[in-house]
Amino acid sequence: MSEDLAAAASRRIDTDPDPAACADLLADAFAREPAVSWICGGAHSARARWFRTTLRTHAGLAGARRTALVDTDGLIVAAAVLTPPGATPSAGARALWAARTLLSGGPRALGRTLRYLDATEGGAPAGAWTLEFVGVRPDLTGRGAGRTLLDHVLTTTPGAVHLTTADPANVPLYRHFGFTTLGEIPLGPLTVTSMARVPSQALSDN
């Protein structure tokens, strides 16, 4: 068995990973992602603060899911974050998130995050989950970790799944997993693609 195959076989799914550990991995994974770069700039510390603040708020949503692929040492090698249909933070949670984002990232991070959310809000099919983030440790990209995690997430998430991406390279990848393009949204220098995956059973029921 090759080293990569042996490593893959030893990994396991964690359905309750630490939000801060997921945030740190995603800060690494999204180093060159256009929307996060537009919001946070190029500094790793700014991305890490933004992800930590965002995932801290997300963890308070009823039914919110974080899923990770971990190695034998318990270290996260890939992470995904999903929001259930209709789940939104309370007014108090939103205010606290805004204050923390402003404090840790400044008015640029707060303003551009709000612009992104406003532009993409309402694009999901009725009853769909939202795949907020999915990322792989940079040194393990192309070795099956992302595929393993996304396969698990899509298999275990009931109903449709919606996502947005500002990275055109991601579009064919998500199409491979059964997502179709719903539309494109211009936002500053970005073109955000809205996509959804509807299970075949749901299609046959309509």
Side-chain angles (χ1 to χ4, degrees), residues 14 16-61 63-69 75-84 87-121 123-124 129-141 145-146 149-150 153 162-170 174 185-195:
D14 182 352
D16 188 27
D18 176 58
C22 290
D24 291 344
L25 179 137
L26 291 170
D28 289 334
F30 279 69
R32 294 179 177 83
E33 198 278 333
V36 172
S37 296
W38 180 67
I39 291 169
C40 299
H44 178 274
S45 58
R47 289 195 308 278
R49 290 193 299 269
W50 184 83
F51 272 110
R52 284 195 171 218
T53 299
T54 299
L55 265 63
R56 182 176 182 179
T57 301
H58 184 269
L61 291 175
R65 291 185 179 180
R66 293 180 313 282
T67 307
L69 189 66
L75 299 177
I76 295 176
V77 299
V81 179
L82 291 103
T83 300
T88 57
S90 66
R94 288 196 299 271
L96 187 57
W97 166 83
R100 287 172 172 159
T101 301
L102 183 62
L103 182 63
S104 64
R108 164 181 158 154
L110 177 59
R112 291 186 177 183
T113 303
L114 291 173
R115 285 178 64 189
Y116 189 98
L117 293 173
D118 182 63
T120 57
E121 185 177 10
W129 288 69
T130 299
L131 179 60
E132 306 286 1
F133 308 106
V134 58
V136 179
R137 206 171 75 191
D139 61 315
L140 293 177
T141 55
L149 179 61
L150 195 50
V153 165
H162 174 256
L163 62 84
T164 59
T165 179
D167 187 347
N170 286 338
Y174 288 126
I185 306 159
L187 177 61
L190 308 175
T191 297
V192 182
T193 303
S194 173
M195 307 185 76

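No experiment lies behind these values; they were computed from the predicted model shown.
Note that CG of N170 and CE of M195 are 9.0 Å apart. Values are rounded to the nearest 0.5 Å. Between the CG atom in L26 and the CG atom in L55 there is a gap of 6.5 Å [rounded to 0.5 Å]. R49 contributes atom CZ, which lies 9.0 Å from atom SG of C40 (distance to the nearest 0.5 angstrom). Here the CZ atom belonging to R94 is positioned 13.5 Å from the OG1 atom belonging to T101, to the nearest 0.5 angstrom. I185 CD1 to T193 OG1: the interatomic distance, rounded to the nearest 0.5 Å, is 8.0 Å. Separating the CG atom in L163 from the CG atom in L82 is a distance of 10.0 Å, to the nearest 0.5 Å.
Nearest heavy atom pair, residue A145 against residue A78, reads O-CB, 4.2 Å. The minimum heavy-atom distance between A80 and V153, with the atom names listed, is CB-CG2, 3.9 Å. Minimum heavy-atom separation, T88 to L61: C-CD2, 3.4 Å. Minimum heavy-atom separation, H58 to V81: CE1-CG1, 3.3 Å. When all heavy atoms are compared, the tightest approach of D167 to E33 is N-OE2, 4.2 Å. Smallest separation of non-hydrogen atoms from A68 and L149: C-CD1, 4.1 Å.
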Under the side chain to side chain contact (heavy atoms under 4.5 Å, CB included) criterion, do H162 and S194 qualify, and how do the steps go?
CA-CA 8 Å; H162 174 256; S194 173; 2.8 Å; yes

Assess whether side chain to side chain contact (heavy atoms under 4.5 Å, CB included) is satisfied between R65 and W129, documenting all intermediate values.
CA-CA 10 Å; R65 291 185 179 180; W129 288 69; 3.5 Å; yes

Apply salt bridge (Lys or Arg N to Asp or Glu O under 4.0 Å) to R47 and D28, showing your working.
CA-CA 8 Å; R47 289 195 308 278; D28 289 334; 5.1 Å; no

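When each of W50, W38, F51 is tested with F30 by the rule ring pair (Phe, Tyr, Trp, His ring centres under 6.0 Å), just one qualifies, namely F51. Checked against V136 for a side chain to side chain contact (heavy atoms under 4.5 Å, CB included), the options L140, D139, V134 give a single hit: L140.
Put simply, the side chain of P186 does not reach to within 4.5 Å of the side chain of T191, judged on heavy atoms. Looking only at side-chain heavy atoms (C-beta outward), I76 and C22 come within less than 4.5 Å of each other. A 4.5 Å side-chain heavy-atom check between L96 and T57 finds every atom pair outside the cut-off. Between W97 and L110, the closest side-chain pair of non-hydrogen atoms falls below 4.5 Å.
For the residue pair Y116 / T164, a side-chain donor-acceptor distance below 3.5 Å is found, with atom types taken as modelled.
A salt bridge links R52 with D24: the closest approach of a Lys/Arg side-chain nitrogen to an acidic carboxylate oxygen falls below 4.0 angstrom.
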